[in-house]
Amino acid sequence: MPSTKGRAEALAAAVALQPQGWGADFRAQRPAVSTPATVAVLDGQCLWERHELPHNVLASLSRYSELPAAGGKGEVKVSAAVTVHTTVRDADEQLATTLEEPLRCRQQEVRTGEWIYKLISTASPYGQGNNNYADDQVVEIGKYLTGKNEQTYGWFVTRLGTVTLSVSVKGAKGYSDKELTTFASNANAAMLTRLESELGGNS
């Protein structure tokens, strides 16, 4: 596992999915990437913001992509993030916080005019459910709201050692929940494969 900021930054850049990692028709959002040396934090007002890296995080990188509207379907927005912590305990605490956040903030503002709500979350440590690929995973599902448009929302956070991976999918008109889950599952599997490869694993 990375023990320096430089190695952690290189790992995050190698693992976080670019638009083409989601599929051939995806493109970068604007902005396409998070502000360097920051991490996403849900503040006391239930607003997602970027804060400076805390002492227990070596690196964090988020990339934002979208599947443009076409053929009568709406625009799907997705994100892929990698956070490298200093210890396994710190990484584990991130998942615990993710699991509890829907209880603290039933409605969260992800960007100006964009909300997620009706949130529920579940945890699947290694060996439970279908999790035979990571140390731990938290899945959060709910609804994504812009104006009066309500769509399905999903967020998958996976931990392998000191590294946490996350993918989010904001649904759109014309896409079934199964299709959206497939986007998230494929992206999560792709990042896990990249992470294991970068760490010298067999995958």
>> Rounded to the nearest 0.5 Å, what separates atom OG1 in Thr97 from atom CG in Leu42?
In response: 10.0 Å
> Does NZ or CZ of Arg111 come closer than 6.0 Å to the centre of the six-membered ring of Tyr64, within 45° of the ring's axis?
Replying inline: yes
> Considering only heavy atoms from C-beta outward, does the side chain of Lys118 approach that of Glu150 to under 4.5 Å?
Replying inline: yes
>> Are Val88 and Met1 linked, directly or through intermediate hydrophobic residues, by side-chain heavy-atom contacts shorter than 4.5 Å (ILVMFWY only)?
In response: no
> Should Leu103 and Ile120 be counted in the same cluster of Ile, Leu, Val, Met, Phe, Trp and Tyr side chains packed under 4.5 Å apart?
Replying inline: no
> Do Leu17 and Val33 share a hydrophobic cluster, counting only Ile, Leu, Val, Met, Phe, Trp and Tyr and linking them when any side-chain heavy atoms are less than 4.5 Å apart?
Replying inline: no
> Where do Trp48 and Gln108 land on the side chain to side chain contact (heavy atoms under 4.5 Å, CB included) test, with the steps shown first?
Replying inline: CA-CA 7 Å; Trp48 282 100; Gln108 305 168 12; 2.9 Å; yes
>> For Ser79 and Ser62: C-alpha separation, side-chain torsions, deciding distance, then whether side chain to side chain contact (heavy atoms under 4.5 Å, CB included) applies.
In response: CA-CA 7 Å; Ser79 71; Ser62 298; 5.8 Å; no
> For Thr83, which residues count as a side-chain hydrogen bond (donor to acceptor under 3.5 Å, both in side chains) partner, sequence neighbours excluded?
Replying inline: Ser60
>> Using a strict threshold of under 4.0 Å (side-chain N to carboxylate O), is an ion pair present between Glu93 and Arg89?
In response: yes
> CG/Asp177 to CD/Gln151 distance, rounded to the nearest 0.5 angstrom?
Replying inline: 9.5 Å
>> With side-chain hydrogen bond (donor to acceptor under 3.5 Å, both in side chains) as the criterion, how do Asn56 and Thr86 come out once you've worked through the C-alpha distance, each side chain's angles and the decisive distance to 0.1 Å?
In response: CA-CA 5 Å; Asn56 59 355; Thr86 54; 5.7 Å; no
>> Show the nearest heavy-atom pair for residues Ala16 and Val82, with the distance to one decimal.
In response: N-CG2, 3.6 Å
>> Keeping Gln29 on the side-chain end and Ser65 on the backbone end, is there a donor-acceptor pair under 3.5 Å?
In response: yes
>> Does Asn149, at its CG atom, have more than 12 non-hydrogen atoms belonging to other residues, nucleotides or ligands within less than 6.0 Å?
In response: yes
> Any donor and acceptor pair, going by atom type alone, linking the side chain of Asn188 with main-chain N or O of Ala190 inside 3.5 Å?
Replying inline: no
>> Less than 4.5 Å apart, side chain to side chain, heavy atoms only: is that true for Lys73 and Tyr175?
In response: yes
> Closest heavy-atom contact between Ser166 and Trp155?
Replying inline: CB-NE1, 3.4 Å
> Looking only at atom types and distance, does a side-chain atom of Thr35 sit under 3.5 Å from a main-chain N or O of Thr38, one as donor and one as acceptor?
Replying inline: no
> Which heavy atom of Gly161 sits nearest a heavy atom of Ala91, and at what distance?
Replying inline: O-CB, 3.7 Å
> Heavy atoms, side chains only, cut-off 4.5 Å: are Val169 and Val76 in contact?
Replying inline: yes
> About how many Å separate OG of Ser121 and CG of Leu95, when rounded to the nearest 0.5 Å?
Replying inline: 10.5 Å
> Do you know the tightest heavy-atom contact between Gly72 and Lys173?
Replying inline: O-CE, 3.9 Å
>> Using modelled atom types and a 3.5 Å cut-off, is there a donor and acceptor pairing between side-chain atoms of Ser185 and backbone atoms of Thr181?
In response: yes
> How many angstroms lie between CD in Glu109 and CD in Glu114, if you round to the nearest 0.5 Å?
Replying inline: 9.0 Å
> Roughly how far, to the nearest 0.5 Å, is the CG atom of Leu11 from the CG atom of Leu61?
Replying inline: 10.5 Å
> Is there a side-chain contact between Glu198 and Arg7, using heavy atoms and a 4.5 Å cut-off?
Replying inline: yes
>> If hydrophobic clusters are built from ILVMFWY residues whose side chains come within less than 4.5 Å, do Leu180 and Val78 share one?
In response: yes
> Any sub-3.5 Å donor-acceptor pair from Arg63's side-chain atoms to Ala13's backbone N or O?
Replying inline: yes
>> For Phe156 and Phe183: C-alpha separation, side-chain torsions, deciding distance, then whether ring pair (Phe, Tyr, Trp, His ring centres under 6.0 Å) applies.
In response: CA-CA 11 Å; Phe156 295 69; Phe183 285 143; over 10 Å; no
> Taking C-beta and beyond as the side chain, do Ile116 and Glu140 meet within less than 4.5 Å on heavy atoms?
Replying inline: yes
>> Let me check something: do Ile141 and Tyr144 share a hydrophobic cluster, defined by ILVMFWY side-chain heavy atoms less than 4.5 Å apart, either directly or through other members?
In response: no
> Strictly by modelled atom types, are Thr87 and Asp90 linked by a side-chain donor-acceptor pair under 3.5 Å?
Replying inline: yes
> If we only count heavy atoms from C-beta on, is the Tyr153 to Lys143 side-chain gap below 4.5 Å?
Replying inline: no
>> Under the side-chain contact (heavy atoms from CB on, under 4.5 Å) test against Met191, which residue among Val163, Leu160, Val15, Thr158 passes?
In response: Val15
> Measuring from Leu58:CG to Lys5:NZ, what's the distance to the nearest 0.5 Å?
Replying inline: 5.5 Å
> Would Asp136 and Asp92 satisfy side chain to side chain contact (heavy atoms under 4.5 Å, CB included), going step by step from the backbone distance to the final call?
Replying inline: CA-CA 8 Å; Asp136 203 355; Asp92 194 45; 3.7 Å; yes
> Is Gln128 reaching over with its side chain to a backbone N or O of Pro125, donor-acceptor style, under 3.5 angstrom?
Replying inline: no
> Given side chains that start at C-beta, do those of Val157 and Leu165 come closer than 4.5 Å, heavy atoms only?
Replying inline: no
>> Could you go through Gln137 and Ser124, starting from their C-alpha distance and side-chain angles, then the distance that decides it, and tell me whether this counts as side-chain hydrogen bond (donor to acceptor under 3.5 Å, both in side chains)?
In response: CA-CA 5 Å; Gln137 184 176 64; Ser124 301; 5.4 Å; no
>> Any heavy-atom pair between the side chains of Val110 and Lys170 that's under 4.5 Å?
In response: yes
> What pair of heavy atoms forms the shortest contact from Thr164 to His85, and how long is it?
Replying inline: OG1-NE2, 3.5 Å
> What is the minimum heavy-atom distance between Tyr117 and Leu145, and which atoms define it?
Replying inline: CE2-CB, 3.8 Å
> Given Trp22 and Val167, is the side chain to side chain contact (heavy atoms under 4.5 Å, CB included) satisfied, shown in steps?
Replying inline: CA-CA 10 Å; Trp22 289 87; Val167 298; 3.9 Å; yes
